[in-house]
Amino acid sequence: EKKRVDDELARLSLIARNTMDAVSMTDDKGRILWVNESCVRMSGYTFKEVYEKTSEELFYGDLTDKTTRSFIEEKLARQEGYRCEIRKYKKSGTPFWVKAQAQPLFTEARKLSHYFVIETDITERKEAFEKLAATEQEVRSFAMQHNNLLESERLRIAREIHDELGQQ
């Protein structure tokens with residue numbers, strides 16, 4: 001049984017270390033205890049730089065949504081898992097978007113011991129969505145201008161016809 005458990009832990013460790021997503025583990029206070037290589041690559045921070053720091057200290061910035069931050073804080077305070085999308089910042093200051101999934105881990109006595117977090121970089125998808133939304137707004141604006149031009153042209157033609165008929 002011990003061999004089976006050890007083998008399973010070794011496989012899970014391999015998966016966590018080598019997945020494309022950023023994986024991290026925090027203590028019950030939210031301090032980072034472990035990150036995989038993808039997290040290091042995604043954030044630009046080394047393991048030593050993130051060790052025992054919180055996401056708040058490292059990754060949040062001016063454009064990080066305060067509502068989402070409050071949502072995460074509330075979930076952590078209630079010791080619940082969560083899923084959300086949030087803008088974070090790399091060590092260089094470059095913003096990036098992640099889809100985060102966090103799950104609390106409890107001791108046998110039901111005391112919170114750790115959180116593990118899996119984050120997928122969704123920056124390209126978010127930027128594409130923002131471009132699409134901007135393009136949609138431009139199309140709506142153009143359609144409104146086009147409609148206004150048509151209406152003013154119709155009004156001009158109607159006045160011209162009315163004036164001509166009035167003169168005749």
Side-chain angles (χ1 to χ4, degrees), residues 1-140:
E1 179 66 16
K2 181 171 176 8
K3 169 117 173 76
R4 186 188 67 74
V5 169
D6 288 345
D7 288 347
E8 184 176 342
L9 283 173
R11 283 191 297 275
L12 290 172
S13 177
L14 262 172
I15 291 168
R17 281 187 308 217
N18 296 308
T19 184
M20 300 288 288
D21 293 334
V23 180
S24 61
M25 183 164 285
T26 69
D27 65 10
D28 61 334
K29 306 284 189 259
R31 293 181 302 246
I32 298 168
L33 300 176
W34 180 85
V35 295
N36 68 353
E37 282 300 314
S38 292
C39 187
V40 169
R41 240 183 345 271
M42 193 182 293
S43 70
Y45 287 101
T46 66
F47 175 74
K48 286 182 181 180
E49 291 172 315
V50 300
Y51 185 68
E52 293 195 341
K53 301 273 190 326
T54 65
S55 284
E56 187 85 24
E57 293 173 288
L58 294 171
F59 303 119
Y60 296 165
D62 296 340
L63 297 178
T64 303
D65 183 50
K66 289 174 183 22
T67 305
T68 305
R69 288 168 71 171
S70 295
F71 167 77
I72 292 171
E73 289 168 13
E74 180 182 312
K75 291 293 189 176
L76 293 175
R78 294 193 317 203
Q79 300 181 350
E80 297 175 347
Y82 63 86
R83 290 181 176 174
C84 65
E85 293 180 356
I86 188 165
R87 183 188 313 231
K88 291 182 149 189
Y89 289 83
K90 298 181 183 205
K91 181 180 177 180
S92 65
T94 306
F96 68 105
W97 281 92
V98 296
K99 176 180 168 188
Q101 300 176 67
Q103 190 64 40
L105 300 173
F106 297 95
T107 64
E108 288 182 20
R110 297 294 301 153
K111 182 180 181 305
L112 178 67
S113 65
H114 297 86
Y115 260 92
F116 76 89
V117 182
I118 300 172
E119 296 177 332
T120 305
D121 188 335
I122 59 168
T123 305
E124 286 182 24
R125 179 180 65 109
K126 283 294 221 182
E127 288 173 352
F129 180 78
E130 287 172 1
K131 276 185 184 176
L132 181 62
T135 302
E136 182 180 340
Q137 185 59 37
E138 287 174 11
V139 168
R140 285 184 183 177

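Start at 1 with the first residue, then count along the sequence.
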Could you tell me the separation between the CE atom of M20 and the CD1 atom of I118, rounded to the nearest 0.5 Å? 14.5 Å
Would you check if I86 and D65 make a side-chain contact, meaning some heavy-atom pair closer than 4.5 Å? no
Heavy atoms only: give me the nearest M25-F116 pair and the separation to one decimal. CE-CB, 4.0 Å
Just checking F129: does its CZ atom have more than 12 heavy atoms from other residues, nucleotides or ligands closer to it than 6.0 angstrom? no
My understanding is that only residues two or more places apart in sequence, or in another chain, count here; which of them pass salt bridge (charged side-chain N to carboxylate O under 4.0 Å, His left out) with E80? K75, R78
Taking E8 first and then R11, would you say they form a salt bridge - that is, a charged N and a carboxylate O separated by under 4.0 Å? no
Which pair of non-hydrogen atoms, one from E49 and one from L58, has the smallest distance, and what is that distance? O-CD2, 4.0 Å
List the atom of V98, the atom of M42, and the distance in Å for their closest heavy-atom pair. CG1-SD, 3.9 Å
Could you go step by step and tell me if S38 and D21 meet the side-chain hydrogen bond (donor to acceptor under 3.5 Å, both in side chains) rule? CA-CA 6 Å; S38 292; D21 293 334; over 6 Å; no
From K2 NZ over to L9 CG, what is the distance, rounded to the nearest 0.5 angstrom? 9.0 Å
Of all the heavy-atom pairs spanning K88 and E119, show the shortest one and how long it is. NZ-OE2, 2.5 Å
Taking CD in E130 as the centre, count heavy atoms belonging to other residues, nucleotides or ligands within less than 6.0 Å. Is the count above 12? yes
Does anything in residues 95-116 pair up under side chain to side chain donor-acceptor pair (under 3.5 Å), and if so which pairs, sequence neighbours excluded? R83-Q101
Looking at K131 and E127, is there a salt bridge between them, counting it only when a charged N and a carboxylate O are closer than 4.0 Å? no
Might you point out which heavy atoms bring R87 and T64 nearest each other, and give the distance in Å? O-OG1, 2.9 Å
Within this structure, what is the CG-CD distance for the pair L33 and E52, rounded to the nearest 0.5 Å? 6.5 Å
Residue pairs passing the ring-ring contact (aromatic ring centres under 6.0 Å, His included) test with at least one member in residues 25-82, sequence neighbours excluded, are Y45-F59, F47-Y51
State the CG-CD distance between L76 and E56, to the nearest 0.5 angstrom. 10.5 Å
State, to 0.1 Å, how close V23 and A16 come at their nearest heavy-atom pair, and which atoms those are. CG2-O, 4.0 Å
Could you tell me whether D62 atom CG has more than 12 heavy atoms of other residues or ligands within 6.0 Å of it? no
T19 side chain to I15 backbone, donor-acceptor under 3.5 Å: no
Do the charged groups of E73 and R69 touch, with an N to O distance under 4.0 Å? no
Distance in Å, D7 CG paired with L12 CG, rounded so as to fall on 0.5 Å steps: 11.0 Å
Taking the side chain as every heavy atom from C-beta outward, state whether T26 and R31 have any atom pair closer than 4.5 Å. no
Rounded to the nearest 0.5 Å, what separates atom CD in Q137 from atom OG1 in T135? 10.5 Å
For atom CD of E37, is the number of surrounding heavy atoms from other residues, nucleotides or ligands below 6.0 Å larger than 12? no
